[in-house]
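Structure first, then comments.
Protein chains get the first letters and strands the later ones, always in sequence-line order, with residue 1 at the start of each.
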There are 2 protein chains.
Amino acid sequence: MLWDKEIDMEMDFFRAKCKENNLRMTTQRMAIYEEVARSKDHPNADTIFKKIQRKHPTISFDTVNRTLQTFAEIGILNVVEGHGDPKRFDPNADTHHHFRCVRCNRIIDFYDDSYDRLKLPKQFKKGFIVLGKKVVLEGICDRCG
Amino acid sequence: MLWDKEIDMEMDFFRAKCKENNLRMTTQRMAIYEEVARSKDHPNADTIFKKIQRKHPTISFDTVNRTLQTFAEIGILNVVEGHGDPKRFDPNADTHHHFRCVRCNRIIDFYDDSYDRLKLPKQFKKGFIVLGKKVVLEGICDRCG
DNA sequence: CTCGGTGCAAAATGTTTGCAAGTAC
DNA sequence: GTACTTGCAAACATTTTGCACCGAG
């Protein structure tokens with residue numbers, strides 16, 4: 001995602017974000033942010049922890065885990081799978097889409113033809129088999145808003 | 001999702017699915033399927049377990065949990081959050097979309113203007129605040145295919 | 001009768017909480 | 001110096017695994 005020379009710019013952005021949210025700039029947070037900013041993939045807390053450990057042998061897993069959540073809260077990164085809750089099952093096997101409320105975690109099913117007919121980007125036309133596509137809207141629902 | 005009179009049809013569908021996948025029709029599986037088919041929301045294993053317990057006090061949580069996964073594998077239902085793995089973080093905070101490989105669980109980021117410009121369904125225009133929208137394609141990636 | 005399925009218990013995994021000591025501001 | 005952070009440890013929640021017994025086909 002970033003060349004080394006871009007890291008400095010990123011750290012400025014990070015500094016600003018911290019100030020904005022009243023977070024202190026600690027050695028650990030800087031290390032975690034740097035590692036995360038370099039990531040090209042979607043690592044879990046443990047993977048990030050192991051990478052950081054090489055340079056910072058004294059950092060604890062807790063700090064990494066907690067910091068990642070803090071970062072997610074202030075919008076520096078996103079959580080890809082699971083939003084803290086246990087696995088949930090959807091009895092509706094038809095093609096449909098979801099609205100997820102970030103406050104109460106409620107999931108609302110909805111149907112929309114235009115969403116169903118989305119065209120695949122060219123990069124997935126060859127070599128990939130697309131079994132399903134779904135749209136996830138995230139926001140605040142009518143009950144929580 | 002279903003009126004009571006439709007349950008019978010559902011059970012026939014279930015019987016067919018079981019035969020198709022060499023699964024035996026057990027009392028427990030039928031109870032679980034019936035409960036799931038009635039669900040309007042996105043319950044977790046524990047919720048389903050508690051509901052079934054009322055009618056079948058001897059059923060175990062394990063059976064419910066295992067059966068739900070079995071059902072997911074044969075396509076009777078879908079898993080909404082978490083696909084078995086721990087929480088993963090996405091350092092890319094820009095608007096982008098995901099392709100997830102159901103075999104290796106790899107997640108590929110991609111960008112697509114037409115996806116970004118999706119129009120919101122009318123039902124979310126009032127009372128809801130939509131903070132983000134993303135498209136998730138699921139299938140088999142080029143490495144696994 | 002046979003093999004898949006169930007129930008129970010234990011283990012593994014991942015996440016959260018409480019608190020004393022450390023450190024940025 | 002004060003308040004926020006950290007690191008450690010214990011508690012929690014959830015999912016997975018092993019195995020003897022049971023029951024559908």
Side-chain angles (χ1 to χ4, degrees), chain A residues 11-12 14-36 42-50 52-53 55-74 76-77 79-89 105, chain B residues 11 14-36 42-50 52-53 55-74 76-89 105:
Chain A
M11 289 315 281
D12 284 346
F14 178 51
R15 197 180 311 275
K17 270 286 182 187
C18 281
K19 193 157 290 175
E20 191 181 316
N21 292 278
N22 295 311
L23 295 181
R24 291 184 180 167
M25 291 281 288
T26 64
T27 320
Q28 292 89 336
R29 282 187 180 149
M30 286 171 55
I32 294 168
Y33 182 77
E34 186 178 331
E35 190 55 52
V36 161
H42 307 81
N44 57 27
D46 196 55
T47 304
I48 297 173
F49 170 59
K50 291 210 176 77
I52 294 176
Q53 238 183 350
K55 297 236 170 193
H56 304 266
T58 62
I59 202 169
S60 76
F61 172 78
D62 290 85
T63 302
V64 174
N65 199 34
R66 243 177 323 199
T67 302
L68 288 171
Q69 279 175 240
T70 306
F71 286 179
E73 280 162 19
I74 66 175
I76 285 182
L77 47 78
V79 180
V80 174
E81 310 193 331
H83 295 276
D85 286 333
K87 214 177 278 193
R88 284 158 67 177
F89 297 92
N105 245 330
Chain B
M11 290 315 282
F14 178 51
R15 197 180 310 277
K17 270 286 181 188
C18 282
K19 193 157 289 174
E20 191 181 315
N21 292 279
N22 295 313
L23 296 181
R24 291 181 180 169
M25 291 280 287
T26 64
T27 320
Q28 290 89 337
R29 281 186 181 152
M30 287 172 56
I32 295 168
Y33 183 77
E34 187 178 331
E35 190 55 53
V36 162
H42 306 82
N44 58 25
D46 195 56
T47 305
I48 296 173
F49 170 60
K50 291 209 177 76
I52 294 176
Q53 238 184 349
K55 296 236 172 193
H56 304 266
T58 62
I59 202 169
S60 77
F61 173 78
D62 290 86
T63 302
V64 174
N65 199 34
R66 243 178 320 199
T67 302
L68 288 171
Q69 279 175 240
T70 307
F71 285 179
E73 281 162 18
I74 66 175
I76 285 182
L77 47 77
N78 294 117
V79 179
V80 174
E81 311 193 333
H83 295 275
D85 285 333
K87 215 176 279 192
R88 283 157 66 176
F89 297 92
N105 246 329

Please give, in whole Å, the distance from [N] [atom2] to [X] [atom1]?
{"X": "B:R24", "N": "D:dA24", "atom1": "CZ", "atom2": "P", "answer": "9 Å"}
{"X": "B:D85", "N": "C:dA12", "atom1": "CG", "atom2": "C1'", "answer": "15 Å"}
{"X": "A:M25", "N": "D:dT6", "atom1": "CE", "atom2": "P", "answer": "12 Å"}
{"X": "A:R15", "N": "C:dA24", "atom1": "CZ", "atom2": "C1'", "answer": "13 Å"}
{"X": "A:L68", "N": "C:dT15", "atom1": "CG", "atom2": "P", "answer": "10 Å"}
{"X": "B:N65", "N": "C:dG7", "atom1": "CG", "atom2": "C1'", "answer": "13 Å"}
{"X": "B:F61", "N": "D:dT16", "atom1": "CZ", "atom2": "P", "answer": "10 Å"}
{"X": "B:F71", "N": "C:dG5", "atom1": "CZ", "atom2": "C1'", "answer": "12 Å"}

Kindly compute the distance separating CD1 (A:I76) from OG1 (A:T67), expressed to the nearest 0.5 Å.
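If we round to the nearest 0.5 Å, A:I76:CD1 and A:T67:OG1 are 10.5 Å apart.
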
Ignoring hydrogens and angles, does a donor from either the side chain of [X] or the base of [N] sit under 3.5 Å from an acceptor on the other?
{"X": "A:D62", "N": "D:dA9", "answer": "yes"}
{"X": "B:N44", "N": "D:dA13", "answer": "no"}
{"X": "B:R29", "N": "C:dG4", "answer": "no"}

Give a yes/no answer on whether the side chain of [X] brings an N or O atom under 4.0 Å of OP1 or OP2 in [N].
{"X": "B:Q28", "N": "D:dG23", "result": "no"}
{"X": "A:Q69", "N": "C:dT15", "result": "no"}
{"X": "B:T26", "N": "D:dG23", "result": "no"}
{"X": "B:T63", "N": "C:dT6", "result": "no"}

Pairwise 5' ranking along DNA chain D for B:T27 and B:R66, keeping only the more 5' one:
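The answer here is B:R66.
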
Do the non-hydrogen side-chain atoms of B:N105 and A:E81 ever get within less than 4.5 Å of each other?
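Heavy-atom side-chain distance check passes, below 4.5 Å.
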
Between A:R15 and A:D12, is any pair of side-chain heavy atoms under 4.5 Å apart?
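Yes, at least one pair of side-chain atoms sits under 4.5 Å.
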
Determine the interplanar angle of the B:Y33 and B:F14 rings, folded into 0 to 90°, and report it as parallel if under 30°, tilted if 30 to 60°, perpendicular if over 60°.
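Correct class here is parallel.
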
Please assess B:N78 against B:H42 for the test side-chain contact (heavy atoms from CB on, under 4.5 Å), listing each intermediate value before the final yes or no.
CA-CA 10 Å; B:N78 294 117; B:H42 306 82; over 6 Å; no

